[in-house]
Protein chains: 2
Amino acid sequence: MARLNYSPRSSARALASSRSNVLGLVVPLRPDVNVGVVMQFVTAVVTTARTFNQDVLLLTQDDPGSIERVTSQSMVDGLLMMDIEARDPRIPVLARLQKPAVLIGMPDEPRGLSCVDFDFSGASRLAVRHLWDLGHRSIAFIGSPPASLKRHATYADRALQGFTDAAASLGAASRSVACEADSPQLAKSLDAVFSGKNPATALVVHNEALLPMLREELSLRGLAIPGDISVVVIAPADVAKAAARPWTAVSIPAMDIGRSAVEMVMDRLSRDKPAELRLIAPSLTLGETTAEAP
Amino acid sequence: MARLNYSPRSSARALASSRSNVLGLVVPLRPDVNVGVVMQFVTAVVTTARTFNQDVLLLTQDDPGSIERVTSQSMVDGLLMMDIEARDPRIPVLARLQKPAVLIGMPDEPRGLSCVDFDFSGASRLAVRHLWDLGHRSIAFIGSPPASLKRHATYADRALQGFTDAAASLGAASRSVACEADSPQLAKSLDAVFSGKNPATALVVHNEALLPMLREELSLRGLAIPGDISVVVIAPADVAKAAARPWTAVSIPAMDIGRSAVEMVMDRLSRDKPAELRLIAPSLTLGETTAEAP
DNA sequence: CTGTTAGCGCCTTCAC
DNA sequence: GTGAAGGCGCTAACAG
């Protein structure tokens, strides 16, 4: 084979074995998502897929039709779907198709599909707990853009929910704002959380796009990090570490999630394991942006 | 066919027709590229591919091996390659493969491959010309991260080259800096361009990631846009328009480029047209960030 | 123009 | 264990 420089033809192999060695990855491109984070997931999926000798077909239209097309033509052995909404209309379609599929996200009703996601709710709780332990009693949450919350993207909903719950159960004062990724909006959000008679002394920020601007906006207000205000971000580790002074962060482990997702489809393919739900546990990395409450 | 809910099996069709109806898209994920812009290209490619009834296989390892793998296994009918470097090592590999291929970018030697790209050089010239016409005589260029220039990503090189050429031919004072995407680096870059006895009165910025921070950094220096300083950005139109006050911009038409790229592979596939080089012409959109020189 | 059939290149079963 | 052959589902060429 080496001498003749032979390599098998995938189509013939697929026809005979009825396996394409291709996974479909559904990545809807909504304007409100953070492309950097999405790309990390995509990369993780493609890289892991290769270790299982699978390639990745990229589907960007969230039109359920394209899911049906690639499955009915047997182009893919399994499907991965990103950016899941609480009651995602694609889920019933997928569930009917009888193809191994994994959702990256946690919908209200998985309908027998496998799901994997970061425990965003736990991430928020961890962040709040850390700030509480440092003595902060008024904590604010700066979250995903309004559009993400409006369509109930599961990461946005759950991070916010976890924050609200944690603050309530600890008895901390709390407020939350949804924030677009530009500095006027950030300024408005900060105005909101620092107003009133019980201004926040700490922030939990779940919005990667705001990080480049946050430090400046705070210093414009005469607020030093972490002297006057502590900040915990929920973001990929490299984003958190890339800053001049690293953020204290609950890292979104995109690589782990992507890898899990692929492993789960492959499990269902080869050993047809039943559907499972996996939540990846959060962990907090200390940076230079949190300190005792003033 | 409709009644039986029939749909052909792609593998059988591919075997018999020796056409997979799949295009390979090579997207290396270097840390210095702007993922937002990359995603726009990817989206454009996938969307256009569908109009030709083609799907897209995503290859993220820039390892030339994966290019050879998908072609030798006949998984793809053609290849599109992004993020081209001046002397890209993948080009000789691709050229040898005898598969329709299109480079998105302009290498030093295309070796008979088709290429399509935005005319970044012309974009810079257009920006400089606009500023010159407004009376600016000292203009600075804030460009891609050093890493992009170091590896001679063709967009980075050519935008810078165009700027230097245009300033020289007009007789304008000019300087240029490569800038990482964080605010300390931006601050340092701004220090550089405003120092000396002939400080810049206008900027050409070819670095999307800096835009969210730029306005603030300038106002920290007491510089108003466009009163004290004019700014032209080279960036996708939506990025330029998304700002609170729209940037005067030479838009990177990601959709046009992606579409062209797909059209060119399809042309070579069906009518085996010869290789061609296409440069997409730049055009300037007036925003609120340029004005007469002070 | 319609209807038939021989492959496309591989996998997998079955006979040896 | 090794080896031969049928068939996967479609396309394209060819005969009618």
Side-chain angles (χ1 to χ4, degrees), chain A residues 1-24 49-59 64-79 93-94 96-101 262-263 265-273, chain B residues 1-24 49-59 64-79 93-94 96-101 262-263 265-273:
Chain A
M1 290 171 65
R3 177 146 59 252
L4 297 178
N5 201 0
Y6 166 86
S7 73
R9 185 157 303 207
S10 64
S11 54
R13 184 184 281 238
L15 178 59
S17 65
S18 53
R19 295 250 283 142
S20 63
N21 288 330
V22 172
L23 299 177
R50 285 304 308 139
T51 72
F52 286 93
N53 193 34
Q54 301 281 122
D55 278 284
V56 172
L57 202 73
L58 186 65
L59 305 170
S66 74
I67 301 177
E68 287 182 307
R69 182 176 54 83
V70 294
T71 46
S72 67
Q73 297 185 167
S74 303
M75 297 187 72
V76 300
D77 294 339
L79 279 167
V93 180
L94 246 195
R96 207 180 320 113
L97 287 180
Q98 218 60 22
K99 271 265 179 195
V262 174
E263 286 169 359
V265 224
M266 296 312 292
D267 276 355
R268 302 206 65 178
L269 262 178
S270 17
R271 294 186 282 292
D272 62 18
K273 287 220 284 189
Chain B
M1 289 174 66
R3 179 145 61 251
L4 297 177
N5 201 1
Y6 166 85
S7 73
R9 187 158 301 206
S10 64
S11 53
R13 182 185 284 237
L15 179 59
S17 64
S18 53
R19 296 250 284 145
S20 64
N21 288 331
V22 171
L23 300 177
R50 286 304 308 140
T51 70
F52 286 93
N53 194 33
Q54 300 282 120
D55 278 284
V56 172
L57 202 73
L58 185 65
L59 305 169
S66 73
I67 302 176
E68 287 180 307
R69 183 175 54 82
V70 295
T71 45
S72 67
Q73 298 183 167
S74 304
M75 297 186 73
V76 300
D77 294 339
L79 279 167
V93 179
L94 247 195
R96 206 180 321 113
L97 286 181
Q98 218 60 23
K99 271 267 176 192
V262 173
E263 286 169 357
V265 226
M266 296 312 293
D267 275 354
R268 302 206 65 179
L269 263 177
S270 17
R271 294 186 283 291
D272 61 18
K273 287 218 286 190

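Please read all numbers here as calculations on a predicted model, not as lab measurements. Lettering follows sequence order; numbering is per chain, from 1.
- Note on the helix from dC1(C)-dG16(D) to dC16(C)-dG1(D): angle between the axes of the first and last five pairs equals 50°, rounded to 10 degrees.
- Side-chain atoms of Asp77(B) come within 3.5 Å of backbone atoms of Asn21(B) as a donor-acceptor pair (strictly under, hydrogens ignored).
- In this structure, Gln73(B) atom CD and dC10(C) atom P are separated by 10 Å, rounded to whole Å.
- When atom types are taken as modelled, the side chain of Ser20(A) and the backbone of Met75(A) share a donor-acceptor pair closer than 3.5 angstrom.
- In this structure, the side chain of Arg268(B) engages the main chain of Lys273(B) through a donor-acceptor pair within 3.5 Å.
- Spacing between atom CZ of Arg13(A) and atom P of dT12(C) amounts to 9 Å, rounded to whole angstrom units.
- The backbone N or O of Gln73(B) lies less than 3.5 Å from a partner atom in the side chain of Ser10(A), making a donor-acceptor pair.
- Of the candidates Gln98(A), Arg96(A), Lys99(A), Lys99(A) is the only one forming a side-chain contact (heavy atoms from CB on, under 4.5 Å) with Thr71(A).
- Going from atom CZ of Arg19(A) over to atom C1' of dC8(D) covers 16 Å, rounded to whole Å.
- Minimum interatomic distance between Gln54(A) and Val22(A) (heavy atoms only, all atoms of both residues): NE2-N, 3.4 Å.
- A donor-acceptor pair under 3.5 Å is formed between the side chain of Ser7(B) and the backbone N or O of Ser72(A).
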List, with names and distances, any nitrogen or oxygen atoms from the protein found under 3.5 Å away from nitrogen or oxygen atoms belonging to nucleotides 1-8 of chain C.
none

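- Put simply, the side chain of Asp55(B) reaches to within 4.5 Å of the side chain of Arg69(A), judged on heavy atoms.
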